[in-house]
Every structure is written in structure tokens, then in C-alpha cells.
Amino acid sequence: MEKRGKTERILDIKDLRVSFHTYAGEVQSVRGTTFHLNKGETLAVVGESGCGKTVTSKAIMRLLPEPMPAEIKEGSQIMFDGKNVLDMNEKELRELRGSDISMIFQDPMTSLNPTMIVGKQIAESLIIHRGMNKSEAMAEAVKMLELVNIPNADKRARQYPHEFSGGMRQRAMIAIALACNPKILIADEPTTALDVTIQAQIMELIGELQEKLGTAVILVTHDLGVVADVADRIQVMYAGQIIERGTVDEIFYNPQHPYTWALLQSVPRLGTKNKDVLYSLHGTPPDLIKPPVGCPFAARCEYCMEICKEAMPEVTVLSDTQEVSCWLKHPMAPKVEVPEILKRGEM
Ligand SMILES: Nc1ncnc2c1ncn2[C@@H]1O[C@H](COP(=O)(O)OP(=O)(O)O)[C@@H](O)[C@H]1O
Ligand SMILES: [Mg+2]
């Protein structure tokens with residue numbers, strides 16, 4: 001499943017910490033995440049709602065309202081193409097957002113302009129960022145709509161967003177995001193608002209475009225089920241931290257963190273019946289105003305030991321690509337095998 005040769009880093013994030021200052025206190029949304037994105041690869045970021053996926057994504061593009069209420073902590077680093085995004089001035093940030101990194105969100109209606117025909121919205125970006133004139137840009141906009149598999153692109157380009165179905169709007173958003181030929185596309189829950197069949201089509205489209213254009217993709221989702229076919233690597237986030245990462249095969253066939261097990265359990269698999277569900281997720285993630293001192297998952301973990309509540313586990317390196325933060329990996333911890341149910345059944 002993993003595509004080879006994609007090892008040149010385009011994005012390198014070190015110890016990213018982001019807090020929100022609220023009346024109730026400081027919400028520590030992202031608590032020291034370190035990860036990278038290789039040129040041309042698809043990295044999936046998965047985890048339940050509220051674990052810091054969107055805040056991480058927005059921080060990369062400096063789209064958070066800083067310094068208030070959001071604060072990116074001193075010492076955080078977001079290196080893009082050799083430059084720290086956190087040191088960029090307004091002009092550099094405009095360039096970054098306009099042509100280097102694009103982001104699409106769950107609800108395309110919030111980003112599409114309801115008063116402008118779709119073709120023109122794509123064309124605008126082409127005029128600004130690729131120096132085309134109006135008619136060139138409009139012709140290219142139609143091509144972009146064809147690229148994202150919108151039928152009758154010529155006619156569709158002259159329609160308004162409300163004339164599009166949900167799936168087509170998301171395709172149009174992808175066309176707009178790709179119009180400036182970005183090096184990175186961040187897709188934040190791009191299919192969550194869509195029904196299952198359309199979800200699969202959009203995921204397939206993202207995979208296709210990524211192959212065709214070589215764009216690196218960060219695919220953010222709460223649903224592990226949608227990433228298997230498109231991602232190269234997966235990182236699992238919990239309570240503002242990355243608790244496990246690996247290639248798609250490692251995460252699906254050799255997951256090591258009980259939280260990853262729980263997420264995988266919620267993915268429907270062939271040959272799995274309801275009675276087979278041995279492990280499911282109860283309770284809610286911890287309060288990020290007072291995050292626990294130990295493992296953030298301890299309170300919900302079936303395998304929780306005393307130590308888990310007292311100290312954060314170290315990172316255990318399992319392969320060149322797989323790492324996990326869990327006390328069960330300590331040499332003196334009791335042996336806990338990957339639940340049998342996760343070993344069976346084809347994805
Ligand atoms: N504007 C904000 N003010 C206060 N807290 C926020 C704000 N935005 C996000 N948060 C908090 O930060 C945490 C991470 O949020 P988010 O990144 O949106 O989660 P995800 O995208 O994984 O669902 C959550 O606990 C959320 O409540
Ligand atoms: Mg989110």
C-alpha cells in the first residue's frame with residue numbers, strides 16, 4: 001500500500017503547542033506534536049472530535065486568531081520548504097496561503113461565495129496566482145472542473161454554488177484549492193457532511209489528483225474507515241498529542257495503542273458481527289484545561305495500569321515508520337496482544 005520514494009520532507013513540525021485563552025482557563029488544544037509530511041504523500045490525521053486536528057491544520061496556515069484567543073507557544077516550529085511559518089510576515093503568509101498550501105473544510109458552503117458563479121471563483125485564483133487573463137482563466141477553470149470529474153463542466157462553470165449538490169460543491173472546492181497549484185493540500189474532514197457513496201467518490205478523487213499532480217495531502221478525519229485506500233501514513237491524535245503513527249499497513253494490521261484499537265473497532269469490517277465487538281470506546285476525552293499528568297487515554301483504557309495515571313509514556317520506536325506512546329510497550333509491562341478481532345477480517 002505504501003508508495004515508495006516519498007521521503008523528501010516538505011513540512012516539518014516540531015513540538016507544536018497551541019492554547020486558547022478562555023474565561024474558563026487555558027485550553028491546551030495542541031500539546032507538543034512533532035510530525036512531518038513528505039513531498040507527494042498523503043498523511044492521514046485521525047482521532048475523535050476535539051483532539052486537536054483542526055487546530056493543528058489551521059496553525060500550519062496561521063489561520064488561527066493569534067495572539068488572542070489562540071496562542072502558538074514559544075518553541076513551536078513549522079518548517080515549510082526550509083522556512084519557519086511562525087516567523088513569516090504578512091506578505092510571506094499571503095504567498096503561503098495563496099499558492100503553497102491550500103485547505104478545504106467539511107462544509108464547502110462556508111468557503112464558496114454564494115453570489116459568484118463557480119467558474120469565476122476558480123478563475124480568480126488563476127488570475128491572481130498564475131497570472132492568466134480573464135478568458136484564459138475561465139477556460140482553465142472549466143478544465144479544473146473536468147479534472148475533479150464534474151460532468152458538463154462548461155455549463156457548470158456558469159452556475160452558482162446553490163445549484164450544485166453537496167458532493168459537487170466539495171469537488172468545486174477541491175478545484176479552487178488546487179487552482180493555485182499548491183504543494184500541500186490540507187483536507188479537514190472533507191467528506192464528513194456527505195453520504196457514504198459520495199464520501200468514497202471524493203476520497204477516490206483526492207487519491208487520483210494526488211497521483212496526477214503530485215500534491216502532498218494532509219487528510220484530517222475522525223473516521224479511520226475512509227483513509228485506508230488513499231493514505232500512505234496515518235497518525236493518531238488524542239487530547240492534543242500524537243499517540244501512534246505508522247504506515248497504513250502498520251496501523252491497520254499491527255496497531256499497538258489501545259486507542260488505535262478502539263478506533264479500528266469502530267470501522268466496519270467484513271466478517272465482523274456485532275457480538276464480536278470486544279473493545280469499544282466509552283466516556284469522553286479529557287478536559288484540555290486540566291490535561292491529565294499521565295497518559296491522556298488512561299481513564300478510558302481497558303489496560304490501564306497505575307503508572308499510566310502517573311506519568312506520560314515514552315515514545316517506543318517499532319520500525320522506521322511506526323511509533324507508539326504507551327506504557328504497555330515498556331519491557332517490564334505485562335504482555336498484551338493485539339485483540340484477536342483486529343487480526344481477522346479483510347479491511
Ligand atoms: N476558538 C476556540 N476557543 C476555545 N477552545 C477551542 C477553540 N477552538 C478549538 N478549541 C478547543 O481545542 C480542542 C481541539 O479542537 P479541534 O482542533 O477543533 O478538534 P478536532 O478538529 O480534532 O475535532 C478542543 O478541545 C476544542 O474545544
Ligand atoms: Mg475538526
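When a ligand or atom number is given, it counts from 1 through the structure's own listing order.
For the Mg ion (ligand 2), the set of protein N/O/S atoms nearer than 2.8 Å consists of T54 OG1, ordered by chain and number.
Under a 4.0 Å N-O distance rule, the pair E95/K83 does not qualify as a salt bridge. A salt bridge is defined here as a Lys NZ or Arg NE, NH1 or NH2 lying under 4.0 Å from an Asp or Glu carboxylate O, and E71 with K73 meets this definition.
Side-chain N/O atoms of Q106 and T192 include no donor and acceptor closer than 3.5 Å. Q201 and T197 share no donor-acceptor pair across their side chains, judged by distance under 3.5 Å alone. Between Q241 and S325, the side chains place no donor N or O within less than 3.5 Å of an acceptor N or O (distance only, hydrogens not considered).
The shortest side-chain heavy-atom distance between T191 and I198 does not fall under the 4.5 Å cut-off. Counting heavy atoms from C-beta outward, V227 and T42 have side chains that stay 4.5 Å or more apart.
Relative ring orientation between Y160 and H162 is described as parallel, the plane-to-plane angle staying below 30° on a 0-90° scale split at 30° and 60°.
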*Applying salt bridge (charged side-chain N to carboxylate O under 4.0 Å, His left out), run through R300 and E48 and close with a yes or a no.*
CA-CA 13 Å; R300 301 169 81 188; E48 281 166 291; 3.0 Å; yes
Please give the N or O to N or O pairs under 3.5 Å between ligand 1 and the protein, distances rounded to 0.1 Å.
| from | atom 1 | to | atom 2 | distance (Å) |
| --- | --- | --- | --- | --- |
| ligand 1 | 12 (O) | S29 | OG | 2.6 |
| ligand 1 | 17 (O) | K53 | N | 3.4 |
| ligand 1 | 17 (O) | T54 | N | 3.2 |
| ligand 1 | 17 (O) | V55 | N | 2.9 |
| ligand 1 | 19 (O) | G50 | N | 3.4 |
| ligand 1 | 19 (O) | G52 | N | 3.3 |
| ligand 1 | 21 (O) | T54 | N | 2.9 |
| ligand 1 | 21 (O) | T54 | OG1 | 2.8 |
| ligand 1 | 22 (O) | C51 | N | 3.2 |
| ligand 1 | 22 (O) | G52 | N | 3.1 |
| ligand 1 | 22 (O) | K53 | N | 2.9 |
| ligand 1 | 22 (O) | K53 | NZ | 2.9 |
| ligand 1 | 23 (O) | G50 | N | 2.6 |

